[in-house]
Amino acid sequence: MKLLPLTLLLALTVNAKAQTSQQDSIHTIREVVITARLTQREIVPSQSLKDAELQRLNSHSVADALRYFSGIQLKDYGGVGGIKTVDIRSMGTHHLGIFYDGIELGNAQNGQIDLGQFSLDNIDEISLYNGQKSAIFQPASDFGNAGSVYIRTRKPRFSAGKNYNLKLKAKYGSSDLVRLSGLWEQHILPTVSTSLNAEHLTSSGKYKFNYRRVTPNGEVAYDTTATRENGDIRADRIDFNVNGILERGYWNTKVYFYNSQRGIPGAIVNNVWRRGERQGDLNFFVQNRFQKDITDRFSTQWLAKYAFYRTHYVNKDTTQLPADNRFWQQEFYLSTANAYEILPNWSASVSYDFRWNKLNADTYRFVFPTRYSNLISFATAFEARFLRIQGSVLASFIHDKLHPKTRLMDGMKARDNITKFTPALFIDFPLVDKYANGTSTKFSVRTFAKRSFRMPTFNDLYYTDLGNSNLKPESATQYNLGMVFHKQYNQSFVRNLYFQADGYYNTIHDKIIAYPKGQQFRWTMLNLGRVHITGVDVMGSIALQPLSDFLITARLQYTYQDARDVTDDSDTFFKHQIPYIPYNSGSAIVNLAYRNWTLNYSFIYSGKRYNQQENIQNNYMQPWYTSDVSLQYDFTIFGTRCRTMLEINNILDQKYDVILNYPMPGINGVVGLQVEL
């Protein structure tokens, strides 16, 4: 529960009464506490990074920032333009929902969102929720994922007497990186404002890396240094918003455009240094959000979105089968959420989402699938002194349809209709919640249990010579037990202290995997997987203020994950750790702010892991770590606020791969200048 203590000082009124009664008296007014409405309160707090913290990190994309959250594993294929996806608590990328200003990003083709395409330049906050965002007033789709990342862009804020803001930023760095961006905010009417954020990025993608392999008997097969090729990128991004304030509500319209051309460097194997693969992406969507409290008890929210994605993949590598394929995705989304406060401590909500997805392609024997998804959620929340509880159930009805001609020609059928009911229960015990003399102390114990599933993607079901239209959805079950301690001090050397820890057990059933079958080593998609996951997430932060103008903040997170493949006891990898999941991982951030200077140090560690299903020496990958340092200086010249930035990444020049044979950059740097008008 978020509390905002507000002391109302009616000095003039008190003084007037004293003069009237001709008595010297003191009137004490009790503290007034304003709380969020029950329908919008969250039981399980999120992990979050906000604007100031994000700007201090040596991070350029949303994916880079997510590395500092516990329970998250980043799959990074290297370089500025390398594809970046995230995995939550070893359940896979597809079980994590990504929400951009309140509406989920979709990719029905392969189910993966490349978070490298989303810049941090205009991001106000990134939040990570395990299970789901535990507030009942939200769209039905928000109840459907095993975890969620919420990306919130900046809302215009104007100082007194000013109706516009302009921020220009330029960065230049290693790999011929050039990043130019601008943010313009305009106050149109007392209740309406606009913002336009544009960014241009280019990079050659070239960097030195070490290529070393050792034979099973310990001899060095080769050890050389080379330059990463075909990793160039050129990208343009535009994010335009119109924000409006209503009486007891608000609305927002967003137009987003992203266009990029990039090389795909590929894996470094068999002494092949350069690949002929390239990819072009054009992403466009427009979305609207309307939310209003109709009465003191009833609130409504409406969302709408249309998205168009085009992907152009070209492979001119003479050693592989040539390809020149185009894919076009369309999505239409409509949602309504309605919440009612039955009693001051008891609320309920009902939400309905409709989503339409269509995929076209110019590939041979393509079946042109269309998907209709209808989601209905029911949720309720109850709150007492030492108990807060929320329960929900999501009903999902999914229907696929194929183009009649291609369906008959290829003998492929659409996936049978899917009907799923997935419940969730969240309980919190706020054992301590007090505020006195400017110091607040909170301690709570929380738990949740949740069922969820993820639909097979269009590629899983219908990809030519690969898809399997009989695939079942992957099912996930989550159990979590954790605690949170938070203390804020008014006047003290220690200003803020926060600690949270969670233990969890997850299971994945009917996991979808690619399996070799039939002649010519063709692959097909099958439901063969079962995974049991046990883990611990720990996160703590502290803020110290030894001097009035000197602030020290530190943030530490640690993750332990034991994710075992328990599909078949006859497999050689039965009960082995699944690929690319380290047993131990963590990160640390230390920030020193003194007057106009800010020094930031960040550290990321990933322990041992394996790149194949069998946990044998040949598949072993060594632990890796990186250390990044950044320095910022704020100053004013001719009345204009300016900031200079120096960033040094991987300062110890660590040689490592996140994905096997995709070497990451060594030491690299960036310099930048920011101007605000």
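Fair warning: this is a prediction, and the values are worked out from it, not measured in the lab.
Side-chain atoms of Asn668 and Tyr207, non-hydrogen and from C-beta on, never get closer than 4.5 Å to each other. For the pair Val242 and Trp251, the minimum side-chain heavy-atom distance is below 4.5 Å. Within the 4.5 Å cutoff, the side chain of Arg154 has no heavy atoms near those of the Ser195 side chain. A heavy-atom distance below 4.5 Å is found between the side chains of Ser141 and Tyr333. With a 4.5 Å cut-off on side-chain heavy atoms, Thr191 and Leu246 do not count as touching. When side chains are defined from C-beta on, Leu282 does not count as touching Tyr309, because their heavy atoms never get closer than 4.5 Å. With contacts defined as side-chain heavy-atom distances shorter than 4.5 Å, the pair Phe118/Ile113 qualifies. With contacts defined as side-chain heavy-atom distances shorter than 4.5 Å, the pair Arg641/Gln674 does not qualify.
For Gln390 (side chain) and Ser134 (main-chain N/O), a donor-acceptor pair under 3.5 Å exists by modelled atom type. A donor-acceptor contact shorter than 3.5 Å links the side chain of Ser349 to the backbone of Ile136. Judged purely by atom type and a 3.5 angstrom limit, Gln478 uses its side chain to pair as donor or acceptor with the backbone of Ala146.
The one candidate from Phe426, Tyr129, Tyr504 that meets the ring-ring contact (aromatic ring centres under 6.0 Å, His included) condition with Phe448 is Phe426. If you run salt bridge (charged side-chain N to carboxylate O under 4.0 Å, His left out) between Asp428 and each of Arg446, Lys442, Arg388, only Arg388 comes through.
Between Phe158 and His187, the ring-plane angle classifies as parallel under the 30° and 60° cut-offs. Note on ring orientation: taking the six-membered ring where Trp is involved, the planes of Phe285 and Tyr256 are parallel (angle under 30°, cut-offs 30° and 60°).
Surrounding OH of Tyr625 are at most 12 heavy atoms belonging to other residues, nucleotides or ligands under 6.0 Å away. With a 6.0 Å radius and a threshold of 12 heavy atoms from other residues, nucleotides or ligands, Lys162 has its NZ atom above the threshold.
A salt bridge is absent between Lys167 and Asp121: the closest approach of a Lys/Arg side-chain nitrogen to an acidic carboxylate oxygen does not fall below 4.0 angstrom.
For Trp624, the ring pair (Phe, Tyr, Trp, His ring centres under 6.0 Å) test picks out Tyr656, with sequence neighbours left out. A search for side chain to side chain donor-acceptor pair (under 3.5 Å) contacts involving Asp101 returns Thr153, Lys254, not counting sequence neighbours.
Side-chain contact of Tyr558 with Asn584: a donor-acceptor pair under 3.5 Å is present, judged by distance alone.
The salt bridge (Lys or Arg N to Asp or Glu O under 4.0 Å) pairs that include a residue from residues 45-54 number zero, where partners must be two or more places apart or lie in different chains.
When all heavy atoms of Gly102 and Pro139 are compared, the pair lying nearest together is O-CG, 4.5 Å. A pairwise comparison of heavy atoms in Ser90 and Gln561 identifies OG-OE1, 2.5 Å as the closest pair.
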**OP:** Begin from the C-alpha positions of Tyr150 and Phe99 and carry the test ring-ring contact (aromatic ring centres under 6.0 Å, His included) through to its verdict.
**Re:** CA-CA 5 Å; Tyr150 285 79; Phe99 294 82; 4.7 Å; yes
